[in-house]
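Here is the naming used below: chain letters follow the sequence lines, and residue numbers restart at 1 for every chain.
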2 protein chains.
Amino acid sequence: MSCGLAYAPQLRSLGYRITPQRMAILHVLCHSGKHLTPRDVYQKAKKDFPTLTEPTVYRTLEFLAKNGLARPMQAGKGRLRYEMAEDDHHHIVCRVCGDEIEVEHELLESMYRKMESTSGYQRIDSHVTFFGVCPECLKT
Amino acid sequence: MSCGLAYAPQLRSLGYRITPQRMAILHVLCHSGKHLTPRDVYQKAKKDFPTLTEPTVYRTLEFLAKNGLARPMQAGKGRLRYEMAEDDHHHIVCRVCGDEIEVEHELLESMYRKMESTSGYQRIDSHVTFFGVCPECLKT
DNA sequence: ATCTTTATTGTAAAAACTTGCAATAAGGAA
DNA sequence: TTCCTTATTGCAAGTTTTTACAATAAAGAT
Ligand SMILES: [Mn+2]
Ligand SMILES: [Mn+2]
Ligand SMILES: [Zn+2]
Ligand SMILES: [Zn+2]
């Protein structure tokens, strides 16, 4: 409930408004496990703010992502999940069992620099999901 | 119409069946531009095979991807598009204007090896979409 | 040719996500 | 406080994607 307020000045300075819906959603993202689906967020935030609706959740998550407060993650099958934006990292998801691990961005950093200088693209997103096969599933 | 047949022996040897729906969809993927949406595929393939339905298209695309004939691509907002699986490559998409370029897999190869040895995950997918800002959009 | 097995499809409905628009309310000005 | 502007929301309807299950038809055996 209060943790959302920490972001209020930043949002207000950009000309955005502080609404209870946004605060409730930020609260959920801050205090829950990572990578929540829009539905997860909706159901949890609804407890704080019962008149919340689903379109607002989708729009708010996209809004927070666009402003760098939240980060979208590509879960399997092209579905998006969200988490608060903290330190840069990536994920590898097992395409067999769904198991998921984190990878330090450091490991990809020199590749990112090469990719940026080669392509001319900048500010490439440092939260990518790779799909592979985990050690367990490789055994069988 | 005929190009799908090229894949028939491979599919049959895995115990799968050759259906006109699959052939029509393979035909579309072979002869059309890259990265088609399921809806693109549906509308084009319907011309060859008018009784085709959308659930079949979704299932078939997923089926082809699982068997390595097609490749899913993460388009913006967590939407999937598909293309035939050919040489390994990646994409960078501009998160401002949507412009899109290809990146040789070669550029990422050493990073992939590091990631595989560090994580123990193998067969990591070599068709990733990165999001960044293109040179044009960087100017403004 | 006919039969049998079962992978694959279509149907119908549900779930997930998006959109347009009118109503609301946040934040600044008076 | 009250008023004004307009960003944001809720509502209702639309579109996209998934699912369960019964009907169909591909492929191999007879
Ligand atoms: Mn993450
Ligand atoms: Mn591609
Ligand atoms: Zn696994
Ligand atoms: Zn651009």
Side-chain angles (χ1 to χ4, degrees), chain A residues 4-5 7-28 35-46 48-67 69-70 72-82 98, chain B residues 4-5 7-28 35-46 48-67 69-70 72-82 98:
Chain A
L5 281 174
Y7 302 97
Q10 178 180 353
L11 289 177
R12 199 172 294 142
S13 78
L14 289 166
Y16 300 122
R17 293 179 184 176
I18 309 308
T19 67
Q21 292 90 338
R22 284 176 178 170
M23 292 304 105
I25 289 169
L26 277 170
H27 178 65
V28 167
H35 302 147
L36 301 172
T37 66
R39 169 145 294 258
D40 290 337
V41 174
Y42 172 63
Q43 285 168 344
K44 287 171 194 260
K46 212 170 157 57
D48 266 12
F49 193 81
T51 61
L52 184 68
T53 63
E54 284 188 290
T56 296
V57 171
Y58 282 97
R59 282 185 292 224
T60 300
L61 290 171
E62 209 177 325
F63 164 83
L64 294 173
K66 180 163 298 183
N67 288 285
L69 300 192
M73 182 228 195
Q74 295 290 163
K77 279 232 203 149
R79 290 256 163 88
L80 291 182
R81 299 197 318 221
Y82 291 85
Chain B
L5 280 175
Y7 302 97
Q10 178 180 354
L11 290 176
R12 199 171 295 141
S13 78
L14 289 166
Y16 300 123
R17 294 180 184 176
I18 309 308
T19 68
Q21 291 89 339
R22 284 177 178 169
M23 292 305 104
I25 289 169
L26 276 170
H27 179 64
V28 167
H35 301 145
L36 301 171
T37 66
R39 171 148 294 258
D40 291 336
V41 173
Y42 172 63
Q43 286 168 343
K44 288 170 193 262
K46 213 171 158 55
D48 266 11
F49 193 81
T51 60
L52 184 68
T53 64
E54 283 188 292
T56 296
V57 171
Y58 283 97
R59 281 183 295 222
T60 300
L61 290 171
E62 208 177 325
F63 164 83
L64 294 174
K66 180 163 298 181
N67 288 283
L69 299 193
M73 182 227 196
Q74 295 291 163
K77 277 230 201 155
R79 291 256 163 87
L80 290 182
R81 299 195 319 219
Y82 291 85

Exercise. When the distance from CZ of A:Arg22 to P of D:dG10 is rounded to whole Å, what number comes out?
Worked result: 11 Å
Exercise. Which residue, B:Lys77 or B:Thr53, contacts DNA chain C at a nucleotide closer to its 5' end, judged by nearest heavy atom?
Worked result: B:Thr53
Exercise. Atom CD1 of B:Ile18 to atom P of C:dT8: distance rounded to whole Å?
Worked result: 9 Å
Exercise. Is a side-chain N or O of A:Arg59 found less than 3.5 angstrom from the main chain of A:Glu54, in a donor-acceptor match?
Worked result: no
Seminar exercise, completed: Interatomic distance, NE2@B:His35 vs CE@B:Met73, rounded to 0.5 Å, equals 4.5 Å
For this session: Looking at every strand, decide which applies to B:Gln21 at a 4.0 Å heavy-atom threshold: base, sugar-phosphate, or nothing.
Result: sugar-phosphate
Problem set entry | Along DNA chain D (nearest heavy atom to each residue), the more 5'-positioned of B:Leu80 and A:Leu52 | A:Leu52
Problem set entry | Under 4.0 angstrom between A:Thr19 side-chain N/O and D:dT9 OP1 or OP2 | yes
Seminar exercise, completed: From CG of A:Asp40 across to P of C:dA15 the rounded distance in Å is 16 Å
Exercise. With nearest nucleotides of DNA chain D determined for B:Thr37 and B:Pro20 from heavy-atom distances, which residue corresponds to the more 5′ nucleotide?
Worked result: B:Thr37
Problem set entry | Atom pair distance, as rounded to whole Å: OH in A:Tyr42 and P in D:dC11 | 10 Å
Exercise. Between D:dA7 atom P and A:Asn67 atom CG, what is the distance in whole Å?
Worked result: 14 Å
Exercise. Base, sugar-phosphate alone, or nothing: which one does B:Thr51 contact when heavy atoms must sit under 4.0 Å apart?
Worked result: sugar-phosphate
For this session: Take atom NZ of B:Lys46 as the centre, draw a 6.0 Å sphere, and report whether it contains more than 12 heavy atoms from other residues, nucleotides or ligands.
Result: yes
For this session: Kindly indicate whether the side chain of B:Arg17 and the base of D:dA27 share any N or O donor-acceptor pair separated by less than 3.5 Å?
Result: no
Exercise. How long is the line joining CZ of A:Arg79 and P of D:dT17, in whole Å?
Worked result: 10 Å
For this session: Test for a donor-acceptor pair under 3.5 Å between the base of D:dG10 and the side chain of A:Arg59, counting only N and O atoms.
Result: yes
Seminar exercise, completed: In whole angstroms, the gap separating P of C:dT9 from CZ of B:Phe63 amounts to 8 Å
For this session: Measure the distance from CD on A:Glu54 to C1' on D:dA13 and round it to the nearest whole Å.
Result: 15 Å
For this session: Kindly say whether, by distance alone, the side chain of B:Arg39 makes a donor-acceptor pair under 3.5 Å with the base of D:dT16?
Result: no
Exercise. Looking at B:Phe63 versus B:Tyr16, is the centre-to-centre ring distance below 6.0 Å?
Worked result: yes
For this session: Determine the sole option in B:Gln43, B:Met23, B:Lys44 for which the side chain to side chain contact (heavy atoms under 4.5 Å, CB included) test with B:Val28 is passed.
Result: B:Lys44
